[in-house]
Structure formats: structure tokens, C-alpha cells
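Inspection log for the structure reproduced underneath, given as C-alpha cells.
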2 protein chains.
Amino acid sequence: MAKKPSIPKGTRDFSPTEIAKRDYIFEIVKKHFRTFGFQPIETPAFENSETLMGKYGDEGDRLIFKILNSGDFMSKVDDATYGSKNSSALTSKISEKALRYDLTVPFARYVVMHQNEIEFPFKRYQIQPVWRADRPQKGRFREFYQCDADVVGANSLLQEVELIQLYDAVFADLKLEGVTIKLNNRKILAGIAEIIGAQNNLVNFTVALDKLDKIGVEGVKKEMLAKGMSEQAIAKARPLFELSGTNAEQLNTLDNLLSDSGEGSKGVEELRFIINTIDDLGLQSAKLEIDVTLARGLNYYTGAILEVAAPEGVDMGSIGGGGRYDDLTGIFGLKDVSGVGISFGLDRIYLVLEELGLFPETLDKTLDVLCINFGEKESMAALKLVTLLRYKGVKADVYPSKAKMQKQMKYANNRNIPYVILIGENEMNHKTFVVKDMASGEQKSYGLAQIQDFIKTL
Amino acid sequence: MAKKPSIPKGTRDFSPTEIAKRDYIFEIVKKHFRTFGFQPIETPAFENSETLMGKYGDEGDRLIFKILNSGDFMSKVDDATYGSKNSSALTSKISEKALRYDLTVPFARYVVMHQNEIEFPFKRYQIQPVWRADRPQKGRFREFYQCDADVVGANSLLQEVELIQLYDAVFADLKLEGVTIKLNNRKILAGIAEIIGAQNNLVNFTVALDKLDKIGVEGVKKEMLAKGMSEQAIAKARPLFELSGTNAEQLNTLDNLLSDSGEGSKGVEELRFIINTIDDLGLQSAKLEIDVTLARGLNYYTGAILEVAAPEGVDMGSIGGGGRYDDLTGIFGLKDVSGVGISFGLDRIYLVLEELGLFPETLDKTLDVLCINFGEKESMAALKLVTLLRYKGVKADVYPSKAKMQKQMKYANNRNIPYVILIGENEMNHKTFVVKDMASGEQKSYGLAQIQDFIKTL
């Protein structure tokens, strides 16, 4: 019975300090979501299995946590299936619900189910945990929050512009300077593949191109050759590998390279509109950069592709990403609803802020004032004062028992409480209270009628 | 594929309006949790099955949602167990994790696991969903939020006093006047059972007594007789059925009734301390009442028992409850840690506020300003203005496409947006914008340099 308790691997408890830091990020993100006109929704932790299965590929299907049916679930399994003892055949017989794997599919399901109540265009945000039966490793968890903002039912490129502004607004507010927002367009990747004759090899082409950073030009060429692209095709793509200069210069290079591809030219045009509009509006602290190697789940996106890189010098993958996908709700039978969205990588943003020391120090302050407990009568006087302080919004407490003074002071110290209040017999008689500043050690006496003066010092 | 999507029974989607209302409640509750010195923790959605199973009785065990193991889960089932095709025998072989059923057991597990990092007394709050495979019905869901505040490691009755103040502070802030906080003590119930010679029938005695409201004195007597209590015993308990008058008068009656029971007298003493202290401190709007029929999961509580009733005239069960339990963490091997806590019934509080029209009207305002889109050039000017407004914290948006004026105005109407901004060619030339007040229909023109004047009107 009294076995040492534990939690499932890949899951986490969050302590008060950790929650204060996470909430700091969430509150800033939500504030900007709201000023940008996004509205919150929430969906259930589990969905009907048929809503989730088949939406994330075979690997995704395996990583979805399934919930066992209640009651005598085995009685509904036919003998033939039972006889096979085949886990995957049995799963669909004994499990009808599964934990949310991401927020996008439940959102698509939400839009279809509530299409008659929703005013389109619909800008929604959603911040909820998701669960994946992934192998846990450093920075990868089986339970983690996703934090998404999407617009559905709006085709205008102004949405892409606003999402870039939104990233900038959030990271500026978090004081996280030097983030780079990388921008690409699926149509450009498709255009290049068309030009070099690799239309039917688009995924392999982009997967290889995506590795340019890590394996260099020669590595990419080698991989493209291995994946069946010709020397000639790769030579044609050469300008891509050497793309450099300002965004405007890169746009010109791409324009020339893709002039024979209708789709490619459209991609360049879209990219140019977004870049020029952002140039015109200005960003607070982020940098916007074209990155034609950016692919991110290519099969999903149909237009813009976005990714946010942490400031240089911080060893962290992307801290956000998104893009446009033209058929969000088609899987649930509602056609022609375009979506574009971004997400914030909470866990990574947390680590970056921690590494750079960007969390405000005040987050640690869980209590403004602790009243020392000198005994039954004194603690009643203390509780009266604390009641007034709380009423004024001050985070205040009375130590719950008449413990040794040293123990109570140690408690205040360990909890980083800035002020300790002392009300002994003398103070009770004189209707006063003594405030000790824990940092400086200074003590000051106030009359009970001057409580407001004390509150002002906080 | 395109089957009409649905969600599992007993679960809910939350729309932006519902979330605004829920958040309104949560934010007020959290504000007071914090001023009372409580700190937030969060625990994973699923726990190891052994953490949860056996903690909620047989019925609870059945209502816990179990998660199917990943991979080839059946391969680990031995042939004998498999041959039985017995669902309950198989469950523990194919499932090692289960969804959180309440917040109390995970909290006890948290305290034991983190005992070396925690400063005791530890006041924690926790607001997270829980899941129960209950039969869904009106007001009962399979996924719902619990909202708990508990103190562990403090034996003082000041905790009970503070928890009553906390209820009062929250309901006063929610403008929910006329709630009654009912107070009882397990020791009083045990004392009465002792006096009437029903010590070994305590649960049946209290279950019957708990029904006094519904089935009246005669009904209660009948049930007690049926459960094996004697006429004589029931006659002795008679003063209980007729308990009336002020709290002080009831305390005197109880004192007399229980003078021969050590435990009962202790209970009266505790009750008296709490009642007197609250009398002394005063409450903002709640009423505190002794209710000796209150039992609430008796086997759990060891001291005070609390329950909050909605204002008279509102047909709703309790909207909160709690009490003291002396051995919270014993189930995980940490002895002698006393706990006392309360919870808020979010879904019911929501319904009560809705019924009484107590949600602020401003919650509906998801956007302060919508800029009409008159075309590409004009929408750029609108986006510039909107960018400035957002930067100042105004919730603002540009309609994403050049739709018909009528359609855009209808959208603003449907979304309850109070102001619409018009920037046409004329306004662009004169560097102005026109604000239309959607309620009055009035229009006013501002220079772009006077944007601050407009913001002041919001």
C-alpha cells in the first residue's frame, strides 16, 4: 500500500514556481491573441476514436492514447477477433475514445459541428494539453500544452501578415529579442520541383532541402541523387542553395528562377506581398526572413509556411510554427474552408526565457505578508489584520500555529516572503503592528488605523 | 469519411462566450485563493493506475477511465488470464494508466512525492478537469473541472475559519448574495451515535439524518428503524430533529445533548470556536449556519464538514463543500499529515450566475473595434490603424476581405462589436478615420494623430 508513489513517464507535476512562470507566458500570449481579435474555445480531452484515427498517419495512429471502454468491454468482442489475440484488431473493439493528439483536428471537428453558430471568418485560439505515446526524452513529453491561433474562412494574405505581427507582439512583450520569423510558401517549393522536373518527388526534394543547414550543399545533393533526382535537375536548383542577400534580393532571384512556373510565380508574389506589407508596418523586435528550405509537414500546408527560431546563441529548435492549409475541415465533410494558423511552443519558450533570465523576479513572490503567530489571542488580532489586508488585495497569511519564532521566520525566508508582521501583547494593547522588512531587517511600527500607509509600501 | 462528427457523450465543447463566463469565475476564485496565501499546482491528466485504484471504493474504481497500454498490449497477457475473457481480470494486464478521477488523491500523491521541496504548512489550490465514466445526465458530465483549495500540515482551527472567509470572499466578489455556508463536525455525529448507542451504525445513522430535509422527521425515523436502530435510541436523538434557533442556541442544545460524550463535546467545542471567531471577524455577504444533518462522504472527514447552499429560491444543490480529513497522505505512506480543504462547484456556480443574471455584460465584448475593408489600399490603411490600436491594448480587427458593406456590418452586429471604423479614400486623403457607434448609430471623425482621443472613449 505504502509503496513510494510515482507518475507515468513523460508526464510532469508542476510546482507553484513553475506554474507562475508558465502562467506568465500564457497570460502574455492570451493578451495578444485577444487584442488581435482571436476568441478562445476548448474541446474535450478525449474524442471519439473515429475523429482522430487516420488523421496523423500510421505513426500518429500508434502514438494516440486509447481509452478502454467501461464495464464488461470484452463481452462485445466476437470470438473470431478474440481468438486472434491481435492487439490492433482488438483495439477498435475495446476502445471507442482516444485522448486529443493535437488541437488542429479537434478544432476542425469543432468548426464543422458548430458551423451554424460561428460567425465566419472565425479567429480562434486554444491552449490545452495534448497527449502522445511518444518515447519520452529531453524536452519531449507525453503530456504537453499546445497553444494555437487559427483563422478559418478568410483567404486574404492579410491574415499571414497579422500572424507575423502577432508573433512579434508576443515575443516583444516577453522581452525575448532577436527571434527570427522564417517564411516560405508551399507554392515556391512546388514551383521549384516543377522547374527541375521533380514534381512527383516533391516530398523527398523538400525533405532533402530542409537539411541544408545541417548537412550542407554537398550533403543535400547526395541525398537528392539517392532519392532519384538527376544531376541535371539538381544543377537547375543550384540558385536555391546559394540564395543570399536581403529579402528583396532573394525575391528577385526566386522570381527569375520560377518565371516559367505559374504556381512558383504565384508563391513568389504571395511572399513578396507579405514581406512588403510587414516592411511597411514595421515589427517591434523580431526579424522576418525568407527561408526556402523551410518545409514543416509539407503535405499539410498549401500556402505560407512559418517558423520562429530562438535568438542566436540559444541552442533550441523552433519555438513556434504554422502556415496556411486550404482544406482544414474537408476531413469532416465541410469543403472549401481555408485556414491559416500559428502555434507557440510553450515548453521551449519556457526554457529559452529561463536560460536568458527573462522571467520577472516578482513571479517568485507568492505571499506579500506573513503574520507571526504568538498564541491564541495574538493570532486572532493577526487574523483580523490579515482579513483587512486580503480585502485590499494583499496576499497575506497568519502562520497557523504558535511555533517557535525561529521556525516561523525560517518559513518566511524559505518562501521568499518580503514582509513579516509582528503583533504581540504590547502591539495589541497599543493597537499597532510591527512590520519587518525581511531583506533589510528594518522594523517599523504602524497604527492599525494606518494600514493603508503600509499597503502603499508594498 | 465525411460522417457528421460528434463528441463523446458527457463531454462538452466550450464556445468563446462560455469560456468568457467560466474564466470570469475562475479568475475571481484564483484571485482570492492567492490573497489567502494558496499556491497553484498541476498534476498530470493520467496517473499510474495503482495510484488511483482502491481509493474511491468499488463504485469509484469502476468509474475511473483506464488508458489502454500502447503497442502490442495483448502479447503481455498470459494465456490463463486471456482464456478467461474476463474484462476485470484483463484490465490490469492491458492498462497501467488511468485518468484523474478527482484532485484530492493526486494532491496527496504530490505531497508525498515532493515532501522534501514543500514548505509546510502547504496551502495549495488546483483547478483542473477530472473524468468519470458516470452515466451522463442533466448537470452531470464525464469531463468537468474541479476547483480545490487545501491546507496540509496545519492542525489549527484557524484554517477552518479562513476557509469560511474564503468562501465568503469569493461569493461576495461574484455578487452572489444570500449563500449559506453550512457547518458540521464529524465528532458531533460520532458523539450522537455514541450517546444513542449506534456507534457501530454511524454511517447508516448519518445517511438517514442527512435526509431530514427531504423526508421529514417521520421518514428519518422509519429509515433508522429499518437500519436496526431501536425506538429508544431514536427517541434519544429527538432533540437533533428539532434543533432550531440561532447558532448559539443550537450550540447549547448540542452541548447538553452531548455532555456525556468526550468526542461529541470536542466537536461542539470546535464548532463553537469557528462560529464565534467568524462572528467576531464578520462575513461580507454569506451566512454561516450549523447543520448537524450534514454528512458529505463521512468516512473521509474527521473534523469540520462544510457545504455551501445556493441562495434561497435557486433550485440547485450545493455549490461547494469540504472539510477536515486527518490522514490525507497515509495512503501513500506519509503519516500524520492533517488536511483541510474546500472545493467550488464550477458548473453549478455557472448555472446559478446565469439564472440570476450575474455575469457582467462586458464579457460578451470579444472585440472593441472592427475596421471595415473597402479594398486593398484602404485595408492597408486600416491595418496600420489597427496595429496602433492593438499596441495600445485595444482588441481590434480589420475585416479580412472586401465583402459587401452590408455583410461586414452584419458581422459586426452579430459579434456585438461596439465600434466600427471606416477608412475610405476620402479619409485616407485627409489622414482621418470615421468611428461609428453601433448602439447609437452616431458617427464621429478623428484625425490619425488623435487616436488617443478615440481610445479614451472606449
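Here the structure is a predicted model, which is why all the values come from computation and not from measurement. Proteins come first, then strands; the chains are lettered A, B, ... in the order of their sequence lines, and each starts at number 1.
Counting heavy-atom pairs under 4.5 Å between each of B:Arg12, B:Gln159, B:Lys31 and chain A puts B:Arg12 at the top. Interface remark: of the candidates B:Ser75, B:Pro44, B:Ala396, B:Ala20, B:Pro44 forms the most heavy-atom pairs closer than 4.5 Å to chain A. Heavy-atom pairs under 4.5 Å with chain A were tallied for B:Leu367, B:Ile118, B:Leu281; the largest tally goes to B:Leu281.
Proximity to chain A is limited to the side chain of B:Gln284, based on heavy atoms less than 4.5 angstrom apart. Contacts between B:Phe141 and chain A at a heavy-atom distance below 4.5 Å are absent for every atom of the residue. Residue B:Leu158 touches chain A through its side chain alone, counting heavy-atom pairs closer than 4.5 Å. Contact annotation for B:Ala45: both backbone and side-chain heavy atoms come within less than 4.5 Å of a heavy atom of chain A. With a 4.5 Å cut-off on non-hydrogen atoms, B:Pro129 does not touch chain A at all. Heavy-atom distances place the side chain of B:Ile19, and not its backbone, under 4.5 Å from chain A. The part of B:Val161 that comes within reach of chain A is its side chain, from C-beta onward, which places non-hydrogen atoms under 4.5 angstrom from that chain. When heavy atoms are compared at a cutoff of 4.5 Å, B:Phe120 approaches chain A solely by way of its backbone atoms N, CA, C and O.
Ring centroid separation for the pair A:Phe38 and A:Tyr125 does not come in under the 6.0 Å cut-off. Aromatic pair A:Tyr82/B:Tyr82: centroids less than 6.0 angstrom apart.
One N or O on the side chain of B:Ser87 and one on the backbone of A:Met74 form a donor-acceptor pair closer than 3.5 Å. Between the side chain of A:Arg142 and the backbone N or O of A:Asp134, at least one donor-acceptor pair lies under 3.5 Å. With hydrogens and angles disregarded, no donor-acceptor distance shorter than 3.5 Å links the side chain of A:Tyr391 to the backbone of B:Ala169. A side-chain donor-acceptor contact under 3.5 Å links B:Asp368 to the backbone of B:Lys395.
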